[in-house]
Amino acid sequence: MFRKLKCLSPLCLVLQVANETLHTDRPDLPECFQLSVLSWLPCIYLWAVCPIYLFYLKRNNRGYIMMSIKNRFKTVFGLLLWIVCWIDLFYTFHELRHGHSQPPIYFVTPLVLGMTMLLATFLIQFERLRGVQSSGVLFIFWFLSVLCAIVPFRSKILQEYVRLRFTTFYFYFTLVVCELILCCFNEKPPLFSNVVTDPNPCPETTAGFLSRMTFWWFTSMAIKGYKMPLEAKDLWSLNQRDSSKAMVPTLLKEWEKEQAKRFCTFQAVYSKPQPSTTNHVTGGVGGGESSPEEVEVLLSNQKAASRQPSFLRALIKAFGPYFLIGSGFKLLQDLITFVNPQLLRMLISFTKQKGVPDWWGYTLAFLMFFTAFLQTLILHHHFQYCFVTGMNVRTAVIGAIYRKALAITNAAKRSTTVGEVVNLMSVDAQRFMDLTTFLNMLWSAPFQIMLALFFLWQNLGASVLAGVAVMIMLIPFNAVIAMKTRAYQVEQMQYKDSRIKLMNEILNGIKVLKLYAWEDSFKEKVLAIRQKELNVLRKTAYLGALSTMAWTSAPFLVALTTFAVYVYVDETHVLDAEKAFVSLSLFNILRFPLNMLPQVISSIVQASVSLKRVQGFLSHDELDPNSVDRKNTYSVTVVNGKFTWAKEDPPVLHNINMMVPQGSLLAVVGHVGCGKSSLISALLGEMEKLEGDISIRGSVAYVPQQAWIQNATLRDNILFGKPYNEQKYRCVLEACALTPDLEVLPGGDMTEIGEKGINLSGGQRQRVSLARALYSDADVYLLDDPLSAVDAHVSKHIFDNLIGPEGVLKGKTRILVTHGISFLPQVDNIMVMVEGRVSEMGSYQELLKQNGAFAEFLRNYTLEDIIEEDEATGRVIISADGEGTRSRSVRRHGCSQRKHGEPQEKKKPHEMEKLIQAETAETGRVKTKVYLEYAKAVGPLLSVVICLLYGCQSGAAIGANIWLSQWTNDATRNQTKENVNMRVGVYAALGIAQGILVLISSFTLAMGNMSAARKLHHNLLTNKLHTPQSFFDTTPIGRIINRFSKDIYVIDEALPATVLMFLGTFFVSLSTMIVIISSTPIFAVVIAPLAFIYIFVQRFYVATSRQLKRLESVSRSPIYSHFSETITGSSVIRAYGRHSAFVLMSDMKVDENQKSYYPSIVSNRWLGVRIEFIGNCIVLFAALFAVTGKESLNPGLVGLSVSYALQVTMSLNWMVRMTSDLESNIVAVERVKEYSETKTEAPWDVEDKKPLPEWPMEGNVQFYNYSVRYREGLDLVLKNLTLDIKGGEKIGIVGRTGAGKSSMTLCLFRLLEAAAGEITIDKVKIAEIGLHDLRSKLTIIPQEPVLFSGTLRMNLDPFEKYSDEEVWKALEHSDLHKFVSNHPAKLELECSEGGENLSVGQRQLVCLARALLRKTKILILDEATAAIDLETDDLIQSTIRTQFENCTVFTIAHRLNTIMDYTRVLVLDKGQIAEFDTPTNLISQRGIFYGMAKDAGLVQ
C-alpha cells in the first residue's frame, strides 16, 4: 500500500507530524515532511552560504593544491549524487507517463537536490584551486544531509518497499556518508606555502575543520608538554598575520590618518601656516605648522573645527573587522544558551506525566547534551577570536610606543621617566588585551538579560518584575563599588610607579648606598610608599568582598523575591517543580551577564585611563628630522643658532655662529656647565631650535660624554649593525687601544657585555664607544669629551692615532669637546664657550695673541702641567681605574686606563663564562612547599578558617535549593496553602545566611592576602638591601626590578583574585556532585570515569600551560630591558641612523614573546572544549538517570539535579583554569622567595661590638697580612698587605691598572670581605663591628657621582642629621654655593632620575659636598676629579687640603702632581706592595715610582 500524499496545509502537516510521532512508541514523520523540510534544509543552507563563501575565497588565495586521489573520489561521488537525484526525477516523469500522477514535491525535491549536489562538486574543485585544505562549509552541508537523511532511512526500512526510489535513496545515503567521511580528512598543503619552508610551523594553518572546531591540533603540544617541560625551541612559529610585521603597520597607518585629520582641521582654521621655526614635529606626522600655544588657542576657539586624533578610533579601524567575527559567534551562543531551560521544562513535565513513551525522554536528554556541546564549541571560538584580537592589539601598541620613544623630543622625554614608558608598554598594553576578551559583554549582557526576562515572564508572569526591581537596585550598588575601585586603582598605580622608580634608583646606586651606609633611609622611603599602596589595596579588597557578596546573593535574592511575590499575589498560584527550576536555571543564566557588566564597565574605565596615557604618549612632539639641513658646502655650519632643551625653558645656547670646513678639527673648551655638550646635542638635532639654521654635510658619528653600551657582545657594540670587515675592524681596535683589553676579556671580542657595560671599566666603555664611531666610517665626527675617562698615556695614543692631525680620521670633520689642554696646540681651531655663548674662536696662536679669557685660562695652568700631559708616553702607566668593579659612566681627566694588566677578576677559569647568567624558568610542578609558604604568610590558622567558611557557605546554598525542591513537591500533594509562610521564611533565612557567610569569608581571605603581600615584599626588600655587592654585579637590574614590579603585583592583585575564584569554583563543583548523587544515587557510577578523564585532561593542561606561562614571562623581560636600553641610548641610535634596525629588534623580541603567549591562549580553548564536554556528559547522565528512574523520582528532585548539572560546566572549566592560574601565579611567590633568600652580607649592627660614638678619634689604619678576592673561586686581588698608617697621614695610592688600588678602598668599607688577615682602625678590628658602624665613619668620594631623584638637600643628607647652615657651608666649600643660591628652589632643587639635570662636573661637586658634611676622620678619594675642568679640579684639591687637614686621606691618584706633597705614597703591583715611602725618598730610590714621575715629566 503506497500512501498517496497531497501536501496538506501547514497546520494539518503539524498535526499529522504530532500524531505520527509523539503519541506512539514507534515514532515516524509523514513522507511529505520528509521530502520537503528534511530534504531542503541542507540545500537552503548551502545556497545561502555560497555567495559569501565564494567572495571570501576570491579574496583569500592560499595557493594551489595538486589533485589527489581523495579529491578525485570526492568529485566522483558528487557527480554520482547528482546522477542519483536526476534518476529520481526521471522516474517521477516515467510514472507520470504511466498515469501515476505524483504531488509536485516529487518533481521539486530531486531537482533542488541535483542542483545543490552540482554546486557542492563545484565547490570541492574551487576550494582546491584556492588552497583550502579542509572545508567547514562543505562539512556542515554533508553533516546536515546525513542528519536529515536518517529519518527517511528509518521510515523506509519500517515500510519495507522494494522500489527503484528506495534503491536510489540507499545509494544517495551511502554516497552522502562517504562524502562526510572524506570531508573529515585533510588535503595536502598548497604548493609554495610557507608551511613547507617554516622549520616549525603552527599546525593550525593545516588543521582540518573538525580539528579546528575542537582545537584538536593543539593536542601534540599538550602531549609534548606533559612528557617533558616545554622549551623555547618547541614553540611553533607565529602565524604571519599575528606578527609585528603585519600588525604594527596596520595600527600606525590608521593612527597617522587620525593625526592627518587633526592637521586638516588646523589647516582649515589656519589659512596661513607659520614658517616652521621649531625643531620638532607636533605629534609625529607632517611638519609642525603651528606652535603648541597657538594650537591651544585654536582648540579653545574652534571646538567644532578641530578634533583630537583618537587612538581608540585607530584601534577600532585596525582590529574591528576581525573582532566582529568573534561577536557573531557570541550572538549565536547567547541564543543557544536559552534552549536548555526549555528542554529542562519539557523533561520535568515528562517525569510528571504518566504513559508518555520513554524514547521522548531519551531524546530530550540527548538534545540537552547536543545543544550544550554546540554552545561549548561556539563559545570557545568566540573566545579564540577575542583573545587573538587582544594579542594583536598588544603587539601593535607595544610596536607603536617603541617607535615613538625613538623619536620624541627631549622635553617630552623629561615629562615621562623611563619607568613610566616601560609601564605604558607592560601594564597599559596588557589592559587593552584584557579588555578585548570581554568587550562583547557590553552588548551581549543586556541582550542575555532581556531574553532571560522574556522567558521568565512567560513562566511566572508579572511577579518577575519584583525580581527585576531587585536587580535594578543592585546595579547602582555595583556601579558605586566599581567607581570607587577604579579610583583606588588609579591611586595605587601612582604609588606603584613611584615605588618602582625609587627601587630602580636604589638598585642603580646600590654601591653608593652601601658606601655611605644609607640603606636604612631609603628602606624607610620605600616602605612608606608601600604602606600607602597597601592601604589602598586593603580598601579595594574590602570593596571586592562586598561585590562578591552582591554577585553571589543576587540570583538568590531575585529568585526569593520573585517566588515570594508569585505565591503571595494570588491564592491560585502554585509553585511547582517546572516553574521553580526552569526559573532557577534562567536566573543562573542571568547571573553571568549581571556580574560581568560592572566588571566590563570597570575594565573599560581602566582601559580608558590607559588609552589616555598611550594616546598622550603617542601625541608627544617628535624631533624634526629636517631641523638639521643635510645639504651644504661647508661641513658643519650654524648661523645665529639659539637653542633650548624644552619650549618652556630659557634658551641654553645663544647666538651660536660657527663654520667648520671639511676635514678640519675643532676643539670646544670651557668651564663645567657652559653648554659644550648642549652644542653637540644641537648639532645632532636633539634640541629645540628657536632661531637660526644648522647644516651638516654627510653622515654623522657621535661619541657621547657617557658611553652608551648595549647588552651584546663587544664586537656587536663596535660593529653596531655594519657588516664585519676583518682588516678594518683590526685597524679600529688598534687605533682605540682596545687590542690589549681583548686579550684579558674572557671571550675576547665575543665577550658578552652586561647591562650598561658593567663588566667594562669606564675607560674601556669610552673606547668601545670611540671604536663604534670610527668603524661607522662617517663624514662628521662629534666627540663629546671622549678622552676624559682614559689616562694620559692612552688619551695621547688615541689623540695621535685617531683624532689628531695625523690620526686615522685626518680627512674627516671632527668636533671635539675636551678638558685636556695638552692637545689644543695641535687642533685647527678652538672655540671657547662661556655660559652658553661663543666667547672666542680661532687657532691656538690667535687666541693666545688675543689675550682674552682663553689666554688667561691657559696661563693659570703652568707650563709644567702642559708638559706633564704632553710627554706622558709609553712605558709605565699611572693607573687608577679600579678592578672593573662596577664602574658606570665615568669621566676622568687624563686618568689612567687599563692597557696591560686587567684585573684577575676577568681571568675566569672557564674561557667563555657569561657574566650574566640567563634567567632560568623553573620547570616542573610547583612544589607543595611554595603553597605552604604562602599559607604560612597568610597565617596557618586563618587559612583553615577560610576553608571552613567556604564550606559553610556552600552548605547554606545546597540547603536553600533542597528546601526549594521540597516546597515544589507540596504542589503534587496539594498542601500548598498550609505552610507558605514557613516555606518562604526558611528559604529566605538559608539564602541570607549564605550571603553573610560569603561576605565574612571574602573579608577574611582579603585580610590574609594583605598580610601575606606585606610580609613577602618586606622580606624581599630587606634581603636586597643586605645583599653583598657581588650579587648586583652579576645580576641585571631589570631582573631584580621584575621581582619588585611584576611579581609583587601578582602577589598583591592577581593571586588573591585567583585564590578567591578557586575556592569558589571548587566548592560549587563539589556541591553539584553531592546534590546529583543524593537525588539519583546511580550517578555515582559515572563519576569515577568522568573524574578520571577530568584529572587526566587537567594534568596535561596544567603541565603545558604552566610551562607556557613561564616561557612567556621569561621572554617578556627582554622586551622591556631592550626598550629601556633604547631610551637611554636614543640619541646615539638616531645619530648613527640605526632607528629602523632597533625597531626590527624590538619587533623580534615581541614576536618571540607572543610565540609562547599564543599557544597558552589556545591551551585554554583546548581545555575548555574538553572539560565542558565532561560537564555536558554530566548533564546527559543526570537527565538519562532522571528518565530511567522516572517512577521513583519526584519532579522536584529531577529539577534539582538537572538544574545543578546545567551550571556545573562553568565551574568545572573555571576550576581547572584557576588551578593552573594558581600554579602560574604562585610562581611569583616562588620567585620572590628565591630573591628573599639570597646570601646576605655581614650584619649592619653588632650590638656587643659597637664602637664608641666618637670612634675613630685618631684615624690610624693598619693592615695585617691582608688578602682579598672578588668572589669565591677567583684569584686573590690583594696578597698579604701589611701597612701601618698613622692618623692624619695623607697617602697616595698609585700603580698600574689591575694592581688592586680600588680593591684596597673597597676593603676598608668591607664591600669585599677578607680572604685572610685583618684591618684595624684605631685598634678596632673592622671585621668584628657592624657594617653600618664602620661605613658611617668613613667617607668616600667615588669615581662616578651618583645622585638620587629627590631634593638636593636629600642627596646631601638623607637622614637629616645636619642643620641648613652646615649644608650651605658644605656647598660653599665645594663651589656649588653660587649655582644653588641662584636657583629659585635653593636647597629644595629637584634632582631628576640619576641627577640628569646637573652636569657631570656638578654632580661630582655634590659628592664632594657630601663628604664635607660627613667630615669623618678617614677620607678616601677614588680619582674623584675626572669629569671636571682644571680650575674646579684645583679648587677641590685645595678644599681637601684645608678642610681635611687632620684627617687620614687615601687618594687613588691619576695625576701624580696632586700627590707629590703627600706624606707617603703606596705603589701597588699585582696586588702586592711594591714601594711605600715619602715621594722624595721614592724618587731617589729610582724604582717604579721614579719611572712614573719621569714619564709624567715631574723629574728630569
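The structure presented is a predicted model; accordingly, all values stated were derived computationally and were not measured.
Counting only N and O atoms by type, the side chains of Q333 and H381 include no donor and acceptor under 3.5 Å apart. A donor-acceptor pair shorter than 3.5 Å cannot be found between the side chains of Y934 and N1225.
In M450, the CE atom is not crowded: 12 or fewer heavy atoms of neighbouring residues, nucleotides or ligands sit closer than 6.0 Å. K484 NZ: 12 or fewer foreign heavy atoms inside a 6.0 Å radius. Applying the 6.0 Å contact sphere to CE of M483 captures no more than 12 heavy atoms from other residues, nucleotides or ligands. Annotation for F1066: atom CZ does not count as buried by contact number, only 12 or fewer foreign heavy atoms lying within 6.0 Å.
Here the side chain of S444 pairs no donor or acceptor atom with the backbone of M441 at under 3.5 angstrom. Checked by atom type and distance alone, the side chain of S553 never pairs as donor or acceptor with a backbone atom of A550 at under 3.5 Å. No donor-acceptor pair under 3.5 Å is formed between the side chain of T1080 and the backbone N or O of I1077. Checking side-chain atoms of W963 against main-chain N and O of R983 turns up a donor-acceptor pair under 3.5 Å. K330 places no side-chain N or O within 3.5 Å of a backbone atom of H382 that could act as its donor or acceptor partner.
The closest side-chain heavy-atom distance from Q384 to I1161 is below 4.5 Å. By the 4.5 Å heavy-atom criterion applied to side chains, S1163 and Y1101 are counted as neighbours. M368 is listed as a side-chain neighbour of V1202, based on a closest heavy-atom distance under 4.5 Å. Residues F587 and L456 have side chains in contact (heavy-atom distance under 4.5 Å, counting atoms from C-beta outward). Using a 4.5 Å heavy-atom cutoff, the side chains of C1177 and L1090 are in contact. The side-chain heavy atoms of N1176 and L1180, taken from C-beta on, include no pair separated by under 4.5 Å. Residues F383 and N1164 form no side-chain contact, since every pair of their non-hydrogen atoms from C-beta on lies 4.5 Å or further apart. Taking 4.5 Å as the limit, every side-chain heavy atom of I1226 sits out of range of all side-chain heavy atoms of V1050.
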side-chain contact (heavy atoms from CB on, under 4.5 Å), that's the test. Do L451 and L335 meet it? Break it down for me.
CA-CA 8 Å; L451 274 177; L335 293 169; 4.1 Å; yes
For K496 and Y1049, run side-chain contact (heavy atoms from CB on, under 4.5 Å): C-alpha distance rounded to whole Å, both residues' side-chain angles, the deciding distance at 0.1 Å, then the answer.
CA-CA 9 Å; K496 187 174 134 198; Y1049 157 78; 4.1 Å; yes
Could you go through the side-chain hydrogen bond (donor to acceptor under 3.5 Å, both in side chains) check for N981 and Y568 one step at a time?
CA-CA 9 Å; N981 288 345; Y568 282 127; 2.7 Å; yes
What verdict does the side-chain hydrogen bond (donor to acceptor under 3.5 Å, both in side chains) test give for Q953 and S1001, after you've listed the backbone C-alpha separation in whole Å, the side-chain angles of each residue and the deciding distance to 0.1 Å?
CA-CA 9 Å; Q953 128 200 353; S1001 53; 3.3 Å; yes
Under the side-chain contact (heavy atoms from CB on, under 4.5 Å) criterion, do F369 and L364 qualify, and how do the steps go?
CA-CA 9 Å; F369 173 72; L364 283 175; over 6 Å; no
One pair to check against ring-ring contact (aromatic ring centres under 6.0 Å, His included): Y1094 and F1173. What are the steps and the verdict?
CA-CA 10 Å; Y1094 180 77; F1173 181 74; over 10 Å; no
Walk me through whether Y495 and N535 qualify under side-chain hydrogen bond (donor to acceptor under 3.5 Å, both in side chains).
CA-CA 11 Å; Y495 290 137; N535 290 344; over 6 Å; no
Which is it for E1053 and Q492 under the side-chain hydrogen bond (donor to acceptor under 3.5 Å, both in side chains) test, yes or no, and what are the steps along the way?
CA-CA 11 Å; E1053 294 176 51; Q492 191 224 335; 2.9 Å; yes
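Nearest heavy atoms, L942 versus G1008: CD2-CA, 3.6 Å. Listed here is the closest heavy atom pair of V1068 and S1211: CG1-OG, 3.3 Å. Across all their heavy atoms, L1060 and Y950 have their closest contact at CD1-OH, 3.2 Å. Taking each heavy atom of S547 and I481 in turn, the nearest pair found is N-CD1, 3.8 Å. Here the closest heavy-atom approach between residue A580 and residue F563 is recorded as O-CZ, 3.6 Å. Heavy atoms only, all atoms of each residue included: T371 and I336 are closest at O-CG2, 3.8 Å.
Between K352 and D576 a salt bridge is recorded (basic side-chain N to carboxylate O distance below 4.0 Å). A salt bridge does not link E491 with K532: every distance from a Lys NZ or Arg NE/NH1/NH2 to an Asp or Glu carboxylate oxygen is 4.0 Å or more.
Ring orientation note: the planes of F447 and W443 are tilted relative to one another, at an angle of 30° to 60°. Using the six-membered ring where Trp is involved, F556 and Y987 have ring planes that are tilted, between 30° and 60° apart.
A distance of 6.0 Å or more separates the ring centres of F1181 and F1083.
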